[in-house]
Amino acid sequence: MKQIISDLIAQALRELEQTSQIPSEIGANIQVTPARDPGQGDYASNVALTLAKAAGMPPRTLADLIVGQISAIDTIEKVEVAGPGFINFFVASATSHSIIRNVLEQGDDFGRSSHGQGGKIQIEYVSANPTGPLHVGHGRGAAIGATLASLLNFVGYEVQQEYYVNDAGRQMHILGTSVWLRYLELCGETVTFPSNGYQGDYVWDIAATLHRENEARFQKPVAEVMAEVSEDAPAGDKEKHIDDLIEKAQTLLGENEYRIVFDLALVTLVDVIRNDLHAFGVDFDCWFSERSLSDDGLIDQAIQRLQDSGNVYEQDGAQWFRSTDFGDEKDRVVRRENGQTTYFASDIAYHMNKFDRGFGRVINIWGADHHGYIPRVKASLTALGYDADNLEVELVQFANLFENGNKISMSTRSGEFVTLRQLREDVGLDAARFFYVMRKTEQHMDFDLDLAREQSNDNPVYYLQYAHARICSVRRQCAEKGISLVTGEANLERLENTHEQALVKQLSIFPERVEAAALRREPHLVVNYLRELANLFHSWYNAHQFMVDDVELRDARMALASAISQVLRNGLKLMGVSAPETM
RNA sequence: GCGCUCGUAGCUCAGAUGGAUAGAGUGUUGGCCUCCGAAGCCAAAGGUCGUGGGUUCGAUUCCCGCCGAGCGCGCCA
């Protein structure tokens with residue numbers, strides 16, 4: 001419809017140019033937007049305002065000229081000039097009503113588009129260090145990433161969802177060592193647990209498994225473990241202390257034995273995370289191991305490529321990538337003085353690999369605290385000869401958890417946090433998923449636990465689900481009363497009141513709103529849309545009776561109601577929220 | 001100090017590419033179930049869009065300064 005109107009205007013402008021009523025080649029950028037008020041028709045265009053200057057006449061005069069030149073077609077009922085020079089289009093009711101039949105015929109596919117033309121997009125999200133269960137801070141990225149993936153798929157992209165497993169870093173060694181120390185305690189040793197170790201209960205669980213399956217195989221006397229280990233905080237340096245312990249674990253156990261302990265911790269936690277995410281309605285296609293990058297030689301390869309292109313130099317015994325040449329604020333180390341590559345080097349290799357796997361576009365969903373990291377990753381891609389614009393980073397702001405009006409703070413290290421699992425069990429999957437995507441991604445948000453828990457009109461997710469359940473209820477009652485509905489052949493012309501007209505219009509813009517949400521990477525647009533739809537429905541429901549004696553009217557209304565429930569279902573599904581038939 | 005993201009109703013937030021009278025929810029006040037689900041609807045009240053300039057027919061939107069908030073600025077990951 002938008003396109004038709006846009007074409008009509010373009011045609012009119014060409015006519016005016018040819019008859020020299022306006023200067024030629026004034027370069028129209030024709031915008032057509034859905035009207036915001038029923039009094040302003042269905043669609044509006046501001047061409048006359050934008051072209052007034054170039055045409056050398058007042059906007060209203062130009063608007064009148066354009067309207068006079070627009071050819072009549074039967075899908076447009078009326079065109080008029082309003083306000084400072086807007087052109088408002090009124091769509092014929094027969095045309096707009098046909099959307100109901102489209103919705104019913106297309107069902108679950110209504111709103112789908114082929115915009116992406118099967119282009120390959122990779123979206124990487126969550127990617128939390130597997131050093132503990134996911135907590136509520138990870139939930140927002142998970143919900144937004146999963147919803148974005150659904151949206152992109154819905155508008156025609158081939159989407160691959162990936163979790164980057166940081167299984168090679170210092171944090172993982174701290175975890176492995178923490179598990180080992182807890183294991184020693186289970187063996188009967190008396191261990192003073194490092195202040196910087198992971199203190200959560202899950203560490204005990206893994207240690208218990210280790211002990212159960214291996215008994216005293218990894219046991220070493222504590223005196224030996226603590227020998228020559230620097231002092232812990234507060235008297236000493238807690239970072240140095242834990243690093244010494246890690247080294248001790250490696251030397252005392254030997255590489256192979258240490259690896260067994262380490263891998264048990266890793267595998268257990270990745271499993272926990274995978275299960276938690278699955279229960280949260282989030283499933284990844286690929287779990288990409290950071291360690292595999294070095295195993296496959298990709299890190300060396302990436303550094304070599306940077307070296308070959310002259311973007312690496314040596315200083316203070318380390319190798320530096322000259323990222324300042326590509327817009328970063330300082331150069332970055334890729335290989336340390338001790339010969340080890342940095343986390344950044346892994347990330348260069350990882351992103352290189354993403355594009356080498358054939359993704360035309362790569363989306364990373366990162367916590368907002370990683371924003372300073374973007375320029376260097378893009379710099380490395382440019383230096384390697386990739387188009388850095390094909391890497392998109394969506395920053396997700398933190399969600400503050402509130403309960404009883406108090407902010408809840410969290411720390412994985414200390415073991416004090418609300419897990420994603422607890423949140424879901426507490427407020428329910430639907431409310432949890434919904435709350436996370438309700439707000440614009442880059443907007444800081446407050447997650448009110450009390451509100452999410454509340455099963456009342458205060459909880460916005462129920463508002464949408466209630467609309468759906470209500471429609472299902474009416475349909476059930478029709479069936480019970482033996483009323484047969486012929487919605488497919490309903491005379492939709494009977495839908496005449498303002499509620500019905502507004503609903504028909506709202507249904508018709510679902511495809512474009514979904515597309516906008518996908519292309520702008522803004523899932524919250526779907527939430528807003530559905531809220532508007534539910535609101536219009538509830539108002540209509542309160543103002544009019546569906547199960548009326550007038551069969552034709554009843555069929556028409558039930559057709560509209562069914563279409564509404566279908567769109568609610570489609571929209572909620574994109575967000576991973578259920579559409580219950582009863583509540 | 002530099003950088004990123006922000007600042008809209010009492011509170012939580014929408015307002016893409018500049019447009020018509022800045023909108024929801026919640027809270028407050030008052031109405032609506034002899035009628036399909038009241039987890040709902042209707043109405044009222046609530047705003048110098050942080051602040052001061054600039055750009056133009058027009059700025060919540062774009063540009064600059066200032067104030068305020070959160071987060072970053074490692075041979076950590």
Side-chain angles (χ1 to χ4, degrees), chain A residues 29 31 33 35-37 39-40 44 46 49-50 52-53 58-59 82-86 88 129 131 166 168-174 239 290 315-320 329-330 332-347 367-375 395 397-398 400 402 405 438-448 451 454-467 469-478 481 516 519-520 522 524-525 527-528 531-532 534-535 537-548 554 557-558 561 582-583:
Chain A
N29 168 27
Q31 295 176 31
T33 52
R36 27 177 298 182
D37 188 300
Q40 296 168 357
N46 63 349
L49 285 99
T50 57
K53 204 172 188 182
F86 289 97
N88 294 333
N129 282 342
T131 52
N166 296 112
R170 174 168 173 264
Q171 295 306 323
M172 281 306 299
H173 286 290
I174 295 178
E239 303 290 349
E290 178 189 355
Q315 186 183 308
D316 303 329
Q319 288 182 328
W320 298 69
E329 54 186 19
K330 57 174 85 166
R332 311 289 174 178
V333 172
V334 288
R335 194 186 299 277
R336 288 189 280 248
E337 198 178 354
N338 65 12
Q340 290 193 333
T341 53
T342 59
Y343 175 81
F344 177 48
S346 299
D347 242 3
D369 55 336
H370 284 70
H371 62 75
Y373 204 71
I374 302 172
L395 294 176
Q397 289 290 346
F398 298 112
N400 293 318
F402 281 85
M438 225 165 76
R439 305 305 185 197
K440 211 165 151 186
T441 307
E442 65 264 32
Q443 183 62 258
H444 301 266
M445 72 172 273
D446 292 340
F447 195 124
D448 187 333
L451 181 58
E454 200 161 344
Q455 301 202 0
S456 74
N457 54 345
D458 292 344
N459 189 329
V461 71
Y462 291 104
Y463 187 73
L464 308 186
Q465 295 180 319
Y466 184 53
R470 261 184 157 177
I471 294 169
C472 293
S473 172
V474 177
R475 291 182 61 86
R476 270 195 306 275
Q477 286 174 54
C478 284
K481 291 183 181 174
L519 302 185
R520 282 162 54 187
E522 294 183 351
H524 77 286
L525 293 177
V527 174
N528 293 347
R531 206 206 298 267
E532 289 162 17
N535 180 20
F537 167 74
H538 285 306
S539 297
W540 179 46
Y541 184 92
N542 272 272
H544 300 279
Q545 198 75 11
F546 296 178
M547 294 161 70
V548 290
R554 184 178 69 213
R557 286 186 172 161
M558 288 308 295
T582 59
M583 296 173 66

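So you know, we letter chains A, B, ... as the sequences are listed, proteins then strands, and number each from 1.
The side-chain contact (heavy atoms from CB on, under 4.5 Å) test applied to A:Q477 returns A:S473, A:E480, A:M547, not counting sequence neighbours. Judged as a ring-ring contact (aromatic ring centres under 6.0 Å, His included), and not counting sequence neighbours, A:H524 has no contacts. A:F537 pairs by the ring-ring contact (aromatic ring centres under 6.0 Å, His included) definition with A:Y541, not counting sequence neighbours.
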The contact string for nucleotides 1-8 of chain B, one letter per nucleotide 5' to 3', using protein heavy atoms under 4.0 Å with B, S and - for base, sugar-phosphate only and none, comes out as --BBBS--

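The side chain of A:R476 places no N or O atom within less than 4.0 Å of a non-bridging phosphate oxygen (OP1 or OP2) of B:G37. For B:G23, the OP1/OP2 oxygens have no side-chain nitrogen or oxygen of A:N528 closer than 4.0 Å. Put simply, A:H524 has a side-chain N or O that comes within less than 4.0 Å of OP1 or OP2 on B:G15. The phosphate of B:C41 has OP1 or OP2 within less than 4.0 Å of a side-chain N or O from A:Y463.
Stretches of at least 3 consecutive Watson-Crick or G-U wobble pairs, with each checked distance under 3.5 Å, appear in RNA chain B as B:1-7 with B:67-73, B:10-13 with B:23-26, B:28-32 with B:40-44, B:50-54 with B:62-66.
Of the candidate nucleotides B:G37, B:A39, B:A20, B:A20 has the atom lying nearest to any side-chain atom of A:N88. The side chain of A:R531 approaches B:A24 more closely than any other nucleotide in the set B:A14, B:C36, B:A24.
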Which pairs, protein N/O on one side and nucleotides 75-77 of chain B N/O on the other, fall under 3.5 Å?
residue: B:C75; atom: O2; partner: A:E337; partner atom: N; Å: 2.8
residue: B:C75; atom: N4; partner: A:D316; partner atom: O; Å: 2.9
residue: B:C76; atom: OP2; partner: A:R336; partner atom: NH1; Å: 2.7
residue: B:A77; atom: OP1; partner: A:R336; partner atom: NH1; Å: 3.2
residue: B:A77; atom: OP1; partner: A:R336; partner atom: NH2; Å: 3.3
residue: B:A77; atom: OP2; partner: A:Y343; partner atom: N; Å: 3.3
residue: B:A77; atom: O2'; partner: A:N129; partner atom: ND2; Å: 3.4

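The backbone N or O of A:T342 sits nowhere less than 3.5 Å from a side-chain atom of A:R336 that would complete a donor-acceptor pair.
Distance, A:Y466 OH to B:A39 C1': 6 Å, rounded to whole Å. In this structure, the CE atom of A:M547 is 8 Å from the P atom of B:G37, given to the nearest Å. In this structure, NE2 of A:H538 is placed 14 Å from C1' of B:A24, rounded to the nearest angstrom.
For B:C33, the glycosidic angle deviates from 0 by 90° or less, giving a syn base.
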